[in-house]
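Below is one structure; the comments refer to it alone.
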2 protein chains.
Amino acid sequence: MRSTTSDSNSRRSPNTSPETAQRILSAAVAEFARHGFTKTTVRGIAAAADVSPGLVIHHFGSKDGLRSACDDHVFELITSAKARNAEYATMAVQMMFGDPEMSTAVDYLVKSLLDPSEHGQRYFDHYVDLVESYITDGFAGYTFRQSEDPHGQAATIAVMALAPAMLEHRLHSVLGTDDTAETMTRLAPHLLDLYLHGALESVPDNSGLRDEEP
Amino acid sequence: MRSTTSDSNSRRSPNTSPETAQRILSAAVAEFARHGFTKTTVRGIAAAADVSPGLVIHHFGSKDGLRSACDDHVFELITSAKARNAEYATMAVQMMFGDPEMSTAVDYLVKSLLDPSEHGQRYFDHYVDLVESYITDGFAGYTFRQSEDPHGQAATIAVMALAPAMLEHRLHSVLGTDDTAETMTRLAPHLLDLYLHGALESVPDNSGLRDEEP
DNA sequence: ACCTTGATTGAACGCGCGTTTAATATTAAA
DNA sequence: TTTAATATTAAACGCGCGTTCAATCAAGGT
């Protein structure tokens, strides 16, 4: 209940209102990203956008139609951001958790990937393709280990790269971190070590016993 | 609607019925594992167990009480299985996708981890502890790379190890695999390579340019 | 000025949900 | 055999959901 009809700018749209539809869509992306698709209600989205539930349906046809519109919006946001600075991935990560809209978009993407519906598949397909191009062409000055199955390798690495975002809430709890940035900062050195050297020492000499550094 | 009251075995319980409660709980674990907690309905569980919806509530108090009972059941199943063959992890993985009850339990665990509620946190905490003990004591004859932050390292590796199960559905689609076993078999060599040697070649000589093998 | 068009809303509809309730069936204990 | 207790069910209750509907409002075209 912000205002009834009067606005200081006074330019209320006559019968066309792209501005209100945009506000509904932004609110929907945020609600979907926060609570997932099943738990998010049309009434909740309408309240977040300060409109009536009926108007949400009027503009997008149905809850699922609204979700599809959100899919397109987020996909365009993600892919254009990736295209803008493809080679500076670490900066892209920084930006993703700095720009709140991008952060919301990533949360939406994760919720969509984990949802059993087919809506989110294209995000994963696109990401695997991107990783596969990294494997072929290199990434941020690094070159990838080559394998006989680049597609399977790309899928594997894509899954690994997405994992921390999916379990962010669990990581917060187990690490005692306060926000996403702190959690990712904590993980970063171990991720870098894993990607550069692996997790297991390649000393297949004897069994259980291990010794300190020489 | 299997049978009304007559059974060939004829030993229907008088006023105590641990068998029916057990059947409801098994059905609940399976339903929760397949559809998640929000989408799973008490009516669906009751139908799967061939009882009335009211009986489910009568035995477990509420849907959330039933979920807690499932939590305990699955946790006990997972931890006892881990304790039984802790050192033979590859066999444990094989068994997890061979024994259907254990496979369902793993699906349940994944759904619980991804659910925003606090119910699943203990699974993650327990798993991070287990990984941390692997880092300290070694695992299947391998020794882990040591770091200044073993807890963060354990959390990182735990997240990585859980990731394929969480995105199994997306992997099926992108790899064209038919079942879980085939998907994991496809991923296995890349995971082993990642854990043993990492994903990036450690050739930090020059920037962007890359060349083929010598 | 009139009519058309579309934005917007408040109220309602129908449905499926978790849960409650009253009644019945079944068996151990008395 | 009666009694008390529990398992079990069919039906209903109340609620929140997505969606529909009729009415109102605001502006543009004619």
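Just so we're on the same page: letters track the sequence lines, and every chain starts at 1.
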[X] has a side chain; which of [options] sits nearest to it?
X       : options                : answer
A:Pro53 : C:dT8, D:dT8, D:dT19   : D:dT19
A:Leu55 : C:dT19, D:dT19, C:dT9  : C:dT9
A:Ser52 : D:dT19, D:dT8, C:dT8   : C:dT8
A:Val42 : D:dA7, D:dT19, C:dG18  : D:dT19
A:Thr41 : D:dG18, C:dT20, D:dT19 : D:dG18

Query raised in the report: Do B:Thr79 side-chain atoms and B:Glu76 backbone N/O form a donor-acceptor pair below 3.5 Å?
Result: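 Yes, the answer is positive, given that a donor and an acceptor are paired below the 3.5 Å cut-off.
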Residue-phosphate contact under 4.0 Å: [X] side-chain N/O, [N] OP1/OP2:
X       : N     : result
A:His58 : C:dA7 : yes
A:Thr20 : C:dA7 : no
A:His59 : C:dG6 : no

Gap between atoms [atom1] and [atom2], on [X] and [N] respectively (whole Å):
X       : N      : atom1 : atom2 : result
B:Ile45 : C:dG16 : CD1   : P     : 18 Å
A:Asp50 : C:dT8  : CG    : P     : 11 Å
B:His35 : C:dC17 : NE2   : C1'   : 16 Å
A:Ile57 : C:dA12 : CD1   : C1'   : 15 Å
A:Phe60 : D:dT19 : CZ    : P     : 13 Å
A:Glu31 : D:dG18 : CD    : C1'   : 16 Å
B:Glu19 : C:dT27 : CD    : P     : 13 Å
B:Asp64 : C:dT19 : CG    : P     : 8 Å

Query raised in the report: Has B:Arg67 got its NZ or CZ under 6.0 Å from the middle of the six-membered ring of B:Phe32, at an angle within 45 degrees of the ring axis?
Result: no
Query raised in the report: So, B:Thr180 and B:Glu168: side-chain donor and acceptor under 3.5 Å apart, yes or no?
Result: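 Yes.
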Query raised in the report: What do you reckon, is CZ of A:Arg23 surrounded by more than 12 foreign heavy atoms closer than 6.0 Å?
Result: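 Yes, CZ of A:Arg23 has more than 12 neighbouring heavy atoms, counting only those of other groups under 6.0 Å.
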Query raised in the report: In terms of the nearest nucleotide of DNA chain D, which residue is placed more toward the 5' end: A:Lys39 or A:Gly61?
Result: A:Lys39
Query raised in the report: Base, sugar-phosphate alone, or nothing: which one does A:Thr38 contact when heavy atoms must sit under 4.0 Å apart?
Result: nothing
Query raised in the report: Is the B:Phe37 ring parallel, tilted or perpendicular to the B:Tyr108 ring (thresholds 30°, 60°)?
Result: perpendicular
Query - Distance-only donor-acceptor test (3.5 Å): side chain B:Arg43, base C:dG16 - result: no
